[in-house]
Amino acid sequence: MTGTVISIDRVVKSFGTFTALHEVSLDIADNEFFTLLGPSGCGKTTLLRCIAGFEPVSGGQIRLHGEDIAPLPPFKRPVNTVFQHYALFPHMTVLENVMFGLQRLGWSVVDAEGRAKQALELVHLSQFLKRRPGQLSGGQQQRVALARALAPEPKVLLLDEPLSALDLKLRQAVRMELKQIQRETGIAFVFVTHDQEEALTMSDRIAVMSDGHVQQIGTPREIYEAPANRFVADFIGETNLIEVPVLGIEGGMAEVSLPGGRALRCPTPLSGPVEQGVLSLRPERIDLCAPGEADLVVTATDQVYLGTDIQLKTALTGGQELTIRLQNASATRLPEAGTQVGLKLEAGAARLLAA
């Protein structure tokens, strides 16, 4: 990654009295796989459509390499979009589908065919040039749509949940292909998804969105290990949220009182006097131990078998549920329901957030 390819500066988008984007600002770098992640209705697709030019902004600026592109119609923007529904022409061959957009841009038939073949080779579909979309699998159709979008060599490629129609195994395979293609082309990819696993496995950076606001921007590790607030902690992966009294905060570290009375120091983005907060505890960072050595003492309530992992469901004295994720190994011994269990928190397991 080098310079900034897209700069979004305080962008607002309103539909009548409803505001879908509230002064969103972020920068996307050259050769970056950047993901807009959030639940349905958070504004991620609206932001993508504003970048593409399908929706005019109500305020703010969108700049491409420093130039304001907001006044430009979609066909004059050096960006291309891969949609959730691939919109391939069923009566055309794979090669004709990829050539079509190039010819509309004024390319000669010879040049368009040559470039289309290069794009199809990039997505490993050279052997299917003469087939029609109906003769391809869902994953192959997705790659035709990708080749069509890559063929004009856009400066930015926008992808609006393009994997959602694929089954799990195929989706996992195509993820890696997409990331590899992005590296080979050097084009900035802006990827929209509500799938946290997709975002974590594919992205250089992620912008987590909610209710038209950007909640946090960071690398996958930063987003997962150091969530900025309760929403991000709860949305990204799995976590336990426990309300705790705050004994003090200094220098990015907090001291809190755990249920049962034991004091714990942990990192926090908070500062200043705070009396109450929420402790985020990742389930895979909690180990079983003897009650006398424990940071927390709980009661086992249930087990959920997940194959590679086992979820142990437990309850604090007040009844709040706490989940522990243990590796499924032959040495793993799980307590019976109703048994009192000691829990030891690994370093980095806990993070104090605003209540």
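If you're wondering where the values come from, they're calculated on a predicted model, not measured in any experiment.
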| field | In one Ile/Leu/Val/Met/Phe/Trp/Tyr side-chain cluster, 4.5 Å: Leu95, Leu136 | value | yes
| request: Examine distances only and state if a side-chain atom of Thr19 and a backbone atom of His22 form a donor-acceptor pair shorter than 3.5 Å. | output: no
| message | I'd like to know if the side chain of Asn328 reaches the main chain of Gly307, judged simply by a donor and an acceptor atom lying under 3.5 Å from each other, with no hydrogens or angles considered. | response | yes
| task | Quick one: list whatever passes salt bridge (charged side-chain N to carboxylate O under 4.0 Å, His left out) with Arg143, sequence neighbours left out. | result | Glu177
| query | More than 12 heavy atoms of other residues, nucleotides or ligands under 6.0 Å from NZ of Lys155: is that the case? | reply | no
| query | Do Gln182 and Asn31 get their side chains close enough for a donor-acceptor pair, meaning under 3.5 Å? | reply | yes
| message | With a 6.0 Å cut-off (strictly less than), is the heavy-atom count around CG of Asp211, excluding the residue itself, greater than 12? | response | no
| message | Would the distance check show the side chain of Ser25 and the main-chain N or O of Asp9 forming a donor-acceptor pair, the cut-off being under 3.5 Å? | response | no
| query | Is the ring centre of Phe34 less than 6.0 Å from the ring centre of Phe191? | reply | no
| task | Determine the minimum heavy-atom distance between Pro267 and Ala350, stating which atoms define it. | result | CD-O, 3.5 Å
| Shortest non-hydrogen contact between Val214 and Ala207, atoms and distance | CG1-CB, 4.4 Å
| Does a donor on one side chain and an acceptor on the other come within less than 3.5 Å for Asp27 and Thr4? | no
| task | Rounded to the nearest 0.5 Å, what's the gap from CZ on Arg131 to OG1 on Thr93? Could you check? | result | 12.5 Å
| Going by atom types alone, do Thr45 and Asp160 pair a side-chain donor with an acceptor below 3.5 Å? | yes
| request: Verify side-chain contact (heavy atoms from CB on, under 4.5 Å) between Asp234 and Leu241, making sure each step is shown before the conclusion. | output: CA-CA 8 Å; Asp234 196 30; Leu241 298 171; 4.1 Å; yes
| request: Report yes if the side chains of Asn97 and Phe100 come closer than 4.5 Å at any heavy-atom pair, otherwise no. | output: no
| field | Short side-chain donor-acceptor distance under 3.5 Å, Asn229 and Gln216 | value | no
| message | Side chains of Gln276 and Glu243, heavy atoms from C-beta outward: is any pair under 4.5 Å? | response | yes
| remark: Scanning both residues in full, the closest heavy-atom pair of His91 with Arg132 reads O-NE, 3.1 Å
| request: Could you tell me the separation between the CD1 atom of Ile8 and the CD1 atom of Ile28, rounded to the nearest 0.5 Å? | output: 5.0 Å
| task | With Asp204 as reference, evaluate Arg183, Lys179, Arg221 under the salt bridge (Lys or Arg N to Asp or Glu O under 4.0 Å) test and give the passing residue. | result | Lys179
| Sub-4.5 Å side-chain heavy-atom contact between Glu161 and His194 | yes
| message | Other residues, nucleotides and ligands only: do more than 12 of their heavy atoms fall within 6.0 Å of CD on Glu250? | response | no
| message | Could you check whether Arg115 and Gln118, counting side-chain N and O atoms only, form a donor-acceptor pair closer than 3.5 Å? | response | yes
| Reported SG-to-CG distance for the pair Cys266 and Leu258, which is rounded to 0.5 angstrom | 8.5 Å
| said: Around atom CD of Gln127, are there more than 12 heavy atoms from other residues, nucleotides or ligands closer than 6.0 Å? | reply: yes
| said: Check for me, please, whether Leu37 and Leu21 land in the same ILVMFWY cluster - side-chain distances under 4.5 Å, paths through other members count. | reply: no
| Note, Val5 side chain near Val156 side chain (heavy atom, < 4.5 Å) | yes
| message | Tell me the closest heavy-atom pair linking Pro269 and Arg351, and the distance in Å. | response | CD-NH2, 3.6 Å
| said: A side-chain contact here means heavy atoms from C-beta on lying under 4.5 Å apart; do Pro283 and Asn240 qualify? | reply: yes
| field | Greater than 12 external heavy atoms within 6.0 Å of Arg262's CZ | value | yes
| Backbone N or O of Ala149 within a donor-acceptor pair of the Asn80 side chain at under 3.5 Å? | yes
| remark: When rounded to the nearest 0.5 Å, the distance separating CG of Asp195 from CZ of Arg175 is 5.5 Å
| request: Indicate, with yes or no, if Ile223 and Leu26 share a hydrophobic cluster defined by side-chain heavy-atom contacts under 4.5 Å among Ile, Leu, Val, Met, Phe, Trp and Tyr. | output: no
| Who passes ring-ring contact (aromatic ring centres under 6.0 Å, His included) against Phe231, sequence neighbours left out? | Phe235
| message | Quick one: does any side-chain atom of Thr81 pair with a main-chain N or O of Phe83 as donor and acceptor, under 3.5 Å? | response | no
| Ignoring hydrogens and geometry, is there a side-chain-to-backbone donor-acceptor pair from Thr239 to Ala233 under 3.5 Å? | no
| query | Is a side-chain donor or acceptor of Arg63 paired with a backbone partner of Ile69 at a separation under 3.5 angstrom? | reply | no
| Any ion pair linking Glu23 and Arg10 (charged N to carboxylate O, less than 4.0 Å)? | no
| task | Decide yes or no for Thr339 and Glu336: does some side-chain heavy atom of the first lie under 4.5 Å from some side-chain heavy atom of the second? | result | yes
| task | Could you state whether Trp107 and Leu120 fall into the same hydrophobic cluster, counting links through intermediate Ile, Leu, Val, Met, Phe, Trp or Tyr residues with side-chain heavy atoms under 4.5 angstrom apart? | result | no
| query | Do the charged groups of Glu225 and Arg285 touch, with an N to O distance under 4.0 Å? | reply | yes
| message | Let's go through Val274 and Thr268 carefully: what are the C-alpha distance in whole Å and the side-chain angles of both, what is the deciding distance for side-chain contact (heavy atoms from CB on, under 4.5 Å) to 0.1 Å, and is it a yes or a no? | response | CA-CA 11 Å; Val274 177; Thr268 182; over 6 Å; no
| For the student: nearest non-hydrogen atoms of Gly53 and Pro74, plus distance | O-CG, 3.3 Å
| said: Please determine whether a side-chain nitrogen of the Lys or Arg among Glu121 and Lys117 lies less than 4.0 Å from a carboxylate oxygen of the Asp or Glu. | reply: no
| task | Please examine the side chains of Leu157 and Leu146, heavy atoms only from C-beta on, and report whether any two atoms are closer than 4.5 Å. | result | yes
| query | Taking the side chain from Glu255 and the backbone from Leu247, do they hold a donor-acceptor pair closer than 3.5 Å? | reply | no
| query | With Leu296, which of Leu281, Leu264, Thr314 fulfils side chain to side chain contact (heavy atoms under 4.5 Å, CB included)? | reply | Leu281
| task | Would you tell me whether Thr193 and Glu198 have side-chain atoms, one donor and one acceptor, within less than 3.5 Å of each other? | result | yes
| request: Side-chain contact test, heavy atoms from C-beta onward, threshold under 4.5 Å: evaluate it for Val24 versus Cys50 and give yes or no. | output: no
| field | Flag, side chain of Thr301 to backbone of Lys313, donor-acceptor distance under 3.5 Å | value | yes
| remark: d(Asp295 CG, Lys344 NZ) to nearest 0.5 Å is 4.5 Å
| So, the side chain of Lys44 versus the backbone of Gly38: is there a donor-acceptor pair under 3.5 Å, distance only? | yes
| said: Set out, in order, the CA-CA distance, both residues' side-chain angles and the distance that settles side-chain contact (heavy atoms from CB on, under 4.5 Å) for Leu352 and Val246, then state yes or no. | reply: CA-CA 9 Å; Leu352 181 70; Val246 180; 3.7 Å; yes
| message | Are Leu279 and Ile236 connected into the same hydrophobic cluster when the rule is that any two of I, L, V, M, F, W, Y join if their side-chain heavy atoms are below 4.5 Å apart? | response | no
| Which pair of heavy atoms, one from Val79 and one from Ile51, lies closest together, and at what distance? | CG2-O, 4.3 Å
| message | Would Arg282 and Tyr224 count as a cation-pi pair here, with the cationic atom under 6.0 angstrom from the ring centre and within 45° of the axis? | response | yes
| How many angstroms lie between atom CG of Leu36 and atom CG of Leu48, to the nearest 0.5 angstrom? | 6.5 Å
| query | Is NZ or CZ of Lys13 both nearer than 6.0 Å to the six-membered ring centre of Phe15 and within 45° of the ring axis? | reply | yes
